[in-house]
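This report concerns only the one structure given below.
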Amino acid sequence: MNRGLFTVLSRGGHANIVGDSESKRSYMHPMSYSRTAEEMVRRATAAFNSGKADEARRLCEQGLAGRPGDPMLHHLLAAVLLSQHELSAARAHVEESLARRPDHAAAQLLAARIARAARDFDGALAHLDRVIALAPQREAFLEKARTFDAAGVRPAAREAWRAILKVIPQHLEAMARLGRLAWEDGDHATAASLLERATRLDAPAPVWFDLGLVRQDLHDHQGAAAAYRRAFELEPDYAEAALNLGVALQEAGDPDGAMEAYARAYQLRPNMFGTIAMALTSAPHGRLWLDEAALRKSLGD
C-alpha cells in the first residue's frame with residue numbers, strides 16, 4: 001500500500017500535518033533523501049503543526065530554492081497554502097508533487113481537498129477515486145462524502161454519509177450532516193434523532209444551531225432556545241445563534257430574554273437590525289416599535 005509522507009487532516013479550513021512511520025523511514029534513508037532536506041521538512045512540519053503557517057511556508061520556500069523539484073517540499077507547501085486559502089498556488093505545488101509521484105496516495109488526497117476548496121468538484125472526485133484505487137482509507141471516503149455535500153449532489157451525499165455511519169455508528173460529522181439533510185428534506189423526526197445523537201458527543205456550535213432549527217420547526221421553543229444558547233456559548237461571535245435564540249425565547253413567551261438575545265445579535269452584527277425589528281413585530285408575543293431610534297437604543301446602540 002502506498003502510504004503518504006504527510007497526511008493532511010482538515011475541516012473548515014483547518015489543517016494538520018503528520019508523518020507516518022513508514023514514510024519517516026523512507027525519507028530518512030541516506031540514499032533517498034539528504035539530511036539537509038530531511039531537516040527542512042521536519043522543521044517546516046513542526047512549525048505548521050504548532051500553528052506557525054508563515055514560518056512553515058518560509059522554510060518550504062527556502063528548501064525549494066535549493067531543491068526545486070523536491071516532491072515532499074511541494075506537498076508540504078501545498079498544504080500550508082491551502083490553510084492560508086491560496087488555492088491556485090496550493091494546486092500548482094501539489095501538481096508539482098504529483099508530477100513526480102503520481103501514485104502517492106497522500107498527495108492525491110491533498111489534491112482532492114484543494115480541488116474541493118476551489119469548487120472543482122469533478123476534479124476532487126477524480127483524485128479521490130485515484131486514492132481509493134491506490135490505498136482505500138477512511139479519510140478518502142469521508143472526503144468523498146464532503147465533496148458530494150459541497151457540490152449539492154444530495155442523493156450521493158446522503159448515501160455516502162449513511163455508509164460512513166453504518167461502519168462508524170458514533171461518527172459525529174456523519175450524524176450531523178445526515179441530520180441537516182433530513183431537516184432540509186422536511187423529515188423533522190429523523191433530523192431531531194440524528195442531531196440529538198450528535199450533540200451527545202463533542203459537537204461544534206453549527207450542530208447545536210441545526211438542532212435548534214429542527215426543534216423550532218417542531219414547535220419545541222424551549223428546546224430550540226436551549227440549543228441556540230449552547231451554540232452561542234460555544235461561539236460567542238455566532239450572531240445567527242443569538243438572533244434565533246431571541247426568536248425562540250419570544251415564541252416561548254419570554255420577551256425580556258428575547259430582547260437580551262436580540263441585543264447581543266445586534267451588537268455583533270448591526271446590519272441585523274431589520275431582521276430583529278421584523279421578528280419583534282411578527283411573533284405572537286412580539287412588541288410593536290414605532291420609533292426606530294428607540295428600538296436601536298433598547299438594543300444597546
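Not measured: the values here are computed from a predicted model.
The closest side-chain heavy-atom distance from Val131 to Glu139 is not below 4.5 Å. Counting only heavy atoms from C-beta outward, the side chains of Thr275 and Tyr262 never approach each other to under 4.5 Å. In this structure, Leu77 and His74 have side chains that are not in contact, with every pair of non-hydrogen atoms separated by 4.5 Å or more. The shortest distance between side-chain heavy atoms of Leu87 and Leu81 does not fall below 4.5 Å. Taking 4.5 Å as the limit, some side-chain heavy atom of Leu125 sits within range of a side-chain heavy atom of Phe148. When side chains are defined from C-beta on, Leu249 counts as touching Arg229, because their heavy atoms get closer than 4.5 Å. Side-chain contact between Leu172 and Pro204 is present, with at least one heavy-atom pair separated by less than 4.5 Å. Residues Gln216 and Tyr228 meet the side-chain proximity criterion, which asks for heavy atoms closer than 4.5 Å.
Annotation: cation-pi pair Arg296/Phe273 present, NZ/CZ under 6.0 Å from the ring centroid and within 45° of its normal.
Other residues, nucleotides and ligands place more than 12 heavy atoms under 6.0 Å from the CZ atom of Arg58. Around CG of Asn271, the count of heavy atoms belonging to other residues, nucleotides or ligands within 6.0 Å exceeds 12.
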Task: Trace of the side chain to side chain contact (heavy atoms under 4.5 Å, CB included) decision for Leu76 with His93 - done: CA-CA 9 Å; Leu76 178 52; His93 282 286; over 6 Å; no
- [ ] Could you give me the CA-CA distance, side-chain angles and deciding distance for Val214 and Asp220, then say whether side chain to side chain contact (heavy atoms under 4.5 Å, CB included) is met?
- [x] CA-CA 9 Å; Val214 173; Asp220 176 8; over 6 Å; no
- [ ] Starting from the C-alpha separation in whole Å, work towards a yes-or-no answer on side-chain hydrogen bond (donor to acceptor under 3.5 Å, both in side chains) for Asp217 and Trp183.
- [x] CA-CA 9 Å; Asp217 282 352; Trp183 174 72; 2.8 Å; yes
TODO: Please step through side chain to side chain contact (heavy atoms under 4.5 Å, CB included) for the pair Cys60 and Phe48, ending with a clear verdict.
DONE: CA-CA 11 Å; Cys60 288; Phe48 189 73; over 6 Å; no
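Salt-bridge annotation for Glu61 and Arg57: present, with a side-chain N of the basic residue lying under 4.0 Å from a carboxylate O of the acidic one. Salt bridge Glu260/Arg264: present, at least one basic N to carboxylate O contact under 4.0 Å. Salt-bridge formation is not detected for the pair Lys144/Glu159: no Lys NZ or Arg NE/NH1/NH2 atom is positioned less than 4.0 Å from an Asp or Glu carboxylate oxygen. In summary, Arg42 and Glu38 do not engage in a salt bridge, as defined by a charged side-chain N under 4.0 Å from a carboxylate O. Under 4.0 Å is where a charged nitrogen must lie from a carboxylate oxygen, and between Arg91 and Asp120 at least one such pair does. Between Arg146 and Glu143 a salt bridge is recorded (basic side-chain N to carboxylate O distance below 4.0 Å). The pair Arg180-Glu184 meets the salt-bridge criterion, with a side-chain N (NZ, NE, NH1 or NH2) lying under 4.0 Å from an Asp/Glu carboxylate O. By the 4.0 Å N-to-carboxylate-O rule, Arg269 lies close enough to Glu240 to be salt-bridged with it. The pair Arg158-Asp185 counts as a salt bridge, with a side-chain nitrogen and a carboxylate oxygen less than 4.0 angstrom apart.
Below 30°, between 30° and 60°, or above 60°: for His171 and Trp161 the angle between ring planes is between 30° and 60°, a tilted geometry.
Taking CE from Met259 and CD1 from Ile276, the interatomic distance works out to 8.5 Å, rounded to the nearest 0.5 Å. Summarising the geometry, atom NZ belonging to Lys52 is positioned 10.5 Å from atom CG belonging to Leu59; distances are rounded to the nearest 0.5 Å. Summarising the geometry, atom CD1 belonging to Ile168 is positioned 10.5 Å from atom CD belonging to Glu173; distances are rounded to the nearest 0.5 Å. Here CG of Leu64 is found 5.0 Å from CG of Leu73. Values are rounded to the nearest 0.5 Å. A distance of 11.0 Å separates CG of Leu194 from OG1 of Thr199, quoted to the nearest 0.5 Å. Distance check, rounded to the nearest 0.5 Å: CG of Leu165 to CE of Met175 gives 6.5 Å.
Residues Met40 and Gly63 approach most closely at CG-CA, 4.0 Å, considering heavy atoms. Here the closest non-hydrogen pair linking Ala261 and Ala242 is CB-O, 3.5 Å. Counting all heavy atoms, side chain and backbone alike, Gly223 lies closest to Arg215 at O-NH1, 3.0 Å. Annotation for Leu98 and His104: closest pair CD2-O, 4.3 Å, computed over non-hydrogen atoms. Scanning all heavy atoms of the two residues, the minimum distance from Leu245 to Ala225 falls at CD1-O, 3.4 Å. When all heavy atoms of Leu234 and Ala203 are compared, the pair lying nearest together is CD1-O, 3.6 Å.
Side chain of Gln108 to backbone of Leu128: no donor-acceptor contact under 3.5 angstrom is found. At distances below 3.5 Å, not a single donor-acceptor pair connects side-chain atoms of Thr190 with backbone N or O atoms of Asp187. One N or O on the side chain of Thr281 and one on the backbone of Ala277 form a donor-acceptor pair closer than 3.5 Å. Side-chain atoms of Arg100 never come within 3.5 Å of backbone atoms of Pro71 as a donor-acceptor pair (strictly under, hydrogens ignored).
One hydrophobic cluster, built from ILVMFWY side chains closer than 4.5 Å, holds both Leu195 and Leu181. Under the 4.5 Å side-chain heavy-atom criterion for ILVMFWY residues, no single connected hydrophobic cluster contains both Leu213 and Met278. No chain of hydrophobic side-chain contacts below 4.5 Å, direct or via other Ile, Leu, Val, Met, Phe, Trp or Tyr residues, connects Leu142 to Leu109. The cluster map of Ile, Leu, Val, Met, Phe, Trp and Tyr, joined by side-chain heavy atoms under 4.5 Å apart, puts Tyr238 and Val247 in different clusters. Taken together through direct or relayed side-chain contacts under 4.5 Å among Ile, Leu, Val, Met, Phe, Trp and Tyr, Trp208 and Leu201 form part of one hydrophobic cluster.
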